[in-house]
Amino acid sequence: MDALQQLWAGSGLAQMTLGQGLMIVIGLLLLYLAIVRKFEPLLLVTIGFGGILSNIPGVEIATGDGLLHMVYVVGIETGAFPLIIFMGVGAMTDFGPLLANPRTLFLGAAAQFGIFATLLGAVALSATGVLEFDLKQAAAIGIIGGADGPTAIFVAGKLAPELLAAIAIAAYSYMALVPIIQPPIMRALTTQAEREITMVQLREVSKAEKVVFPLLLLLLIALLLPSAAPLLGMFCFGNLMRECGVVDRLTDTTQNALINIVTIFLGLGVGSKLSAEAFLNTQTLGILMLGMVAFAIGTASGVLMAKGMNLLSKTPINPIIGAAGVSAVPMAARVANKVGLEANSSNYLLMHAMGPNVAGVIGSAVAAGILIQFTGG
Amino acid sequence: MDALQQLWAGSGLAQMTLGQGLMIVIGLLLLYLAIVRKFEPLLLVTIGFGGILSNIPGVEIATGDGLLHMVYVVGIETGAFPLIIFMGVGAMTDFGPLLANPRTLFLGAAAQFGIFATLLGAVALSATGVLEFDLKQAAAIGIIGGADGPTAIFVAGKLAPELLAAIAIAAYSYMALVPIIQPPIMRALTTQAEREITMVQLREVSKAEKVVFPLLLLLLIALLLPSAAPLLGMFCFGNLMRECGVVDRLTDTTQNALINIVTIFLGLGVGSKLSAEAFLNTQTLGILMLGMVAFAIGTASGVLMAKGMNLLSKTPINPIIGAAGVSAVPMAARVANKVGLEANSSNYLLMHAMGPNVAGVIGSAVAAGILIQFTGG
Amino acid sequence: MDALQQLWAGSGLAQMTLGQGLMIVIGLLLLYLAIVRKFEPLLLVTIGFGGILSNIPGVEIATGDGLLHMVYVVGIETGAFPLIIFMGVGAMTDFGPLLANPRTLFLGAAAQFGIFATLLGAVALSATGVLEFDLKQAAAIGIIGGADGPTAIFVAGKLAPELLAAIAIAAYSYMALVPIIQPPIMRALTTQAEREITMVQLREVSKAEKVVFPLLLLLLIALLLPSAAPLLGMFCFGNLMRECGVVDRLTDTTQNALINIVTIFLGLGVGSKLSAEAFLNTQTLGILMLGMVAFAIGTASGVLMAKGMNLLSKTPINPIIGAAGVSAVPMAARVANKVGLEANSSNYLLMHAMGPNVAGVIGSAVAAGILIQFTGG
Amino acid sequence: MDPLIMQGVQLMAVGMGTVFSFLTILIFATVLMSRCIAWLTPTSTLSDEANQRLDQSHVAAISAAIAKFENDKLNK
Amino acid sequence: MDPLIMQGVQLMAVGMGTVFSFLTILIFATVLMSRCIAWLTPTSTLSDEANQRLDQSHVAAISAAIAKFENDKLNK
Amino acid sequence: MDPLIMQGVQLMAVGMGTVFSFLTILIFATVLMSRCIAWLTPTSTLSDEANQRLDQSHVAAISAAIAKFENDKLNK
Ligand code: NA
Ligand code: NA
Ligand code: NA
């Protein structure tokens, strides 16, 4: 019968390509990592599921008028979703530890070396003919070293949308892997004595400082680095809402309903780019490898910077907290705390590590601005 | 004076057509059913009010740049709103009772006979010249028998947008009328002894089963029935978020803020299609009549299927719970419980009826996929 | 080096115009008013920050594909955001005090004289060549006298989008200044004896009345004044959801997540219109001045109306509550209460003032409808 | 007189006229509505409320049954 | 027979056939899945839960440390 | 050298230079800001807080008055 034939022709078994099948398996793998291994579940559950949905053959989901494609066009191509998420991150960020010890901004700066070293690695791979990346793609890959999900998605969406899914997955996976990637590097670059350094109790930060800081940051951005204004502007907006104390109902919604809704659709939208053609190639392998390198170099740079600062300053810094400069909030700070406790069981570094941790968010948003400005976003 | 004339010319009294007046009365009737009679208030309040707004003469609300028309175009024409609501329904669905007794999926399958019998009824009316429905319209009418609001709106939006409002109203009204429609059918088709059947306590279902089930369903859809992927994919996504336990903040927003926001605009958007030309005709009468038939046939099929299964199986099923296979979650399951208690005052069927109840959701989403695929959505 | 030159050329210091610098200062001033002086913080924090963001030179935020420009186009140009906010305001409004004393609707009517007197003032300034406003612009300026933020933004968006930012800022600023603007006017127009008038306890209002009222209002709008239907329709919808008692989950989301999300983006979108060309001119000065006049005249009209009603009626009205007819909910009612307590320390007027307060919302929405209808919105 | 001022005066007249007329009609309609409702509603609505309470207890019983069944970890 | 009716009948046959086939396959798949999980899961999952509880107490300790630090007014 | 690598090296130099310069400026600006605020703020801000508490009690009184009036069923 015709109808049975049409039914069979429309079935997944008849239409599925090998690529689609593999991508569904990769989607299941992401779900496994998210659900069982607890790898950044908010993003990897949504990206993974979006990836599976997008590889079901013969139905418009990630193409044409399909929901996920519309979500991608409306929210990610425009940059709106990562910016809104960044606003939400701002509304959840406490700059107190950073304000109590502003020197830790240097650690957040140093850790961005991972971004640019990786960029250089990508162009080197390209120059030697191993893989093919142009400068925009290299920049988008480098940003994985920023260890900041929305920043990575924003930059990749502007500079290399064809690599978006791979970059987002690498960024979130390595953020989840921070407890595995960072400790060996920390230990290799520090002595037991350095890891035992205790730091002075942080001073209390006044409400006024917390209110003024996002505005100060915004003004400096406006005067010096407008290209970082979309990301850091939304971030400062979220943070100002949080700290100003007069719009608590907006802050509450930003931290909850709004960021959750946008996260769901951001993840699905990123997942819609998980097509076999875009993902199953050597570039993706290169991205995963380079992303790992970016994290390692960023971690090392932060630790070495802290050691350098100790040479010049009387107030010592435990170099472990330098690793938190990569961001990966709050995982990297927790890892620093854990490694610190191993060296000295009464040395709680968590709050000290929150300073470089949030500094790293600012640092990689600044780097993102530069990358977009100079490679023509 | 000119201005007074303009004022009068712009007034509703001067411009209102009989059709608009009647539609406003129908909107008020829907509000009465929703508020006083508690007929599916979430949808009938919003649809009813949207219908009144849309029939105010001389002002762009449901046309052109009017808010409700934009809502319709953005959310319903694209299918986005019903899909998001279906995701929310997934996030609120507990598949536990179904997993404890998977046989009840047969009941959910049988009840879909209401959909196809009604489709046949609609084409028969058309063939005999009583009313005029093409195959797409007949399919969209049939889906009322699925007793599932978002599924009905999704299918009608794809196959017969001109009938959308009538179909949505019929679907939600009959879902509200389940306590009146179903009991006589249940009683007519069963003996007192059958209604007294007690069922074995359901086994406890593990968390792992609940996590894997939505993925299993998704994979079967991907392999066998891609046309059902948009609806069931979003449904499984919501359910996976619910059960996986690592994205509770997303689940919470999906079950509350997100589904509520979308429900408000879905209702207003459906209401914007309540124009006199589209609604005040014999087709609407036909739809209301056929919708009732669909519910009745679906109920009967479910009950008869349960009786059939009892002939083949040693573990008896109380045939009353077959009626819950039409979906109308959770009303149909409650009605089954109530009728069961009438027959045997210690026979609580609620949890047993939840199995076919959610099976009916899957069943009608599968039927929806087939209808869209075969009538060219 | 080229790169350093490019960096400098891209910096804010090199690109910023005087106008942008001044607008950033104005943005900071709005934030100061909002955060330190607590001037309508929900709107002035978001508008002020949006204004600063939009004046950062050399980056697309309030233009082209920039986020704030997209927000403006999608939400404000279409009128969607003010309408949704008005729905939320409806969901937060209790018509009880108005229903207990419907005569207070007259006070809400009288206070709208501020709107039309200001319109006349604007055209007079234009006719005498002091400033240049056409009729649409004059109408949009007049609506500031309605003391209702979303209404003002909706009307300005339809009639004079180029003045939107100035009008929105004037409206919210003067609503915040009500405790300063109104008391002297109240005192100047009333005698001590009048201010001491105590009013009879308000009767209890039944749930049925509260449910029927929004529908009654909607029907009168439909019959008599369709041009007010978008604003008052959404307002009545929100209020019906609130009072009907069967869709509490929708009401809750409307009052919280939905209105908060829309407020954030409404503020940012209005802020995106804070460009130097549009704002730094004599028209803005005129708008600020006329807005103040509008509030003063509205206040005076409300008070005088109450005095007039006392001449005709046996049940006296404390003329202070007439001032609450400008809306500015709930600030104006609180101010009336405070002035009343000064005159007679046991005379609580708050609930009595809530009647004219919400009547003023209806009154200015009616006026808005007329303005849009007659100046061709 | 300047035609713009003419238009302004006319708009004021029409506007204030409409606002007052509309709100006056609304007052009458509201008073009428309140009287109708008072007239239709029996003085004691206790029975209604009692019914409702019964309904709610019914719902509560069902909810309890469901909750009892769900021994699984609940989403908060 | 009317071609529209023909199409309707065919659609009914295909539709009900598909619904039943698909849900039958789903039943078998579900039963299989449940058995696999039961087979893979050790009877007592106590150790897992205990681990998790420890993790949670760890998190709680860190949270307490953060809370202690934040003497500032908190956003609700 | 390959022009792409040249570009990469240049981008790294500009990028790290900018990140360090910007964050250094930010450090100085932050320290300055903190000092200004410390200098502007009187040691005891008790009076401010007391004022605020009074304001809040005022608001609370009004809220209580409203709540008292509203005997109707409340939206949760
Ligand atoms: Na970073
Ligand atoms: Na169904
Ligand atoms: Na008003």
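Reminder, nothing fancy here: chain letters follow the sequence lines and each chain counts from 1.
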In a table with atom names and distances, give each donor-acceptor pair under 3.5 Å that connects a side chain of residues 23-30 of chain C to protein atoms at least two apart or in another chain.
none

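- Looking at Leu42(C), both its backbone and its side chain come within 4.5 Å of chain A, counting heavy atoms on both sides.
- The shortest non-hydrogen separation linking Ala229(A) to Val59(C) is CB-CG1, 4.1 Å.
- If you measure heavy-atom distances from Leu53(C) to chain A, the contacts under 4.5 Å come from the side chain alone.
- Contacts of Phe106(A) classified as ring-ring contact (aromatic ring centres under 6.0 Å, His included), with partners at least two apart in sequence or in another chain: none.
- Residues that satisfy the ring-ring contact (aromatic ring centres under 6.0 Å, His included) test with Tyr174(C), not counting sequence neighbours, are Phe295(C).
- The contact between Leu224(A) and chain C is made by backbone and side chain atoms together, counting heavy-atom distances below 4.5 Å.
- Contact of Leu250(A) with chain C is made through backbone and side chain together, with heavy-atom distances under 4.5 Å.
- The two residues Gly233(A) and Phe49(C) make their nearest non-hydrogen contact at O-CE2, 3.4 Å.
- For chain A, the nearby part of Leu31(C) is the side chain; its heavy atoms alone come within less than 4.5 Å.
- Interface remark: Ala14(C) contributes no atoms to any contact with chain A (heavy atom separation under 4.5 Å).
- Contact between Val246(A) and Ala34(C) at its shortest, heavy atoms only, is CG2-O, 4.0 Å.
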Compile the donor-acceptor pairs, distance criterion under 3.5 Å only, formed between chain C and chain A.
residue	atom	partner	partner atom	Å
Gly12(C)	N	Leu223(A)	O	2.8
Leu13(C)	N	Leu223(A)	O	2.7
Gln255(C)	O	Arg249(A)	NH2	2.6
Asn260(C)	OD1	Arg249(A)	NE	2.7
Asn260(C)	OD1	Arg249(A)	NH2	3.0
Asn260(C)	ND2	Arg249(A)	O	3.1
Asn260(C)	ND2	Thr253(A)	OG1	2.8

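- Put simply, of Val247(A), Ile370(A), Leu223(A), the one with the most heavy-atom pairs under 4.5 Å next to chain C is Leu223(A).
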The test is side chain to side chain contact (heavy atoms under 4.5 Å, CB included); show your working for Ile52(C) and Phe237(A) and say whether it passes.
CA-CA 10 Å; Ile52(C) 298 176; Phe237(A) 178 52; over 6 Å; no

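- Across Gly50(C), Pro57(C), Gly12(C), Gly21(C), the residue that shares the most heavy-atom pairs under 4.5 angstrom with chain A is Gly12(C).
- For a residue to count as touching a neighbouring chain, one of its non-hydrogen atoms must lie under 4.5 Å from one of that chain's; by this rule Ile61(C) touches chain A with the side chain only.
- In this structure, CE in Met234(A) is found 5.0 Å from CG in Leu67(C), a value given to the nearest 0.5 Å.
- Contact count against chain C (heavy-atom pairs under 4.5 Å) is highest for Leu258(A) among Leu258(A), Leu225(A), Val211(A), Ile221(A).
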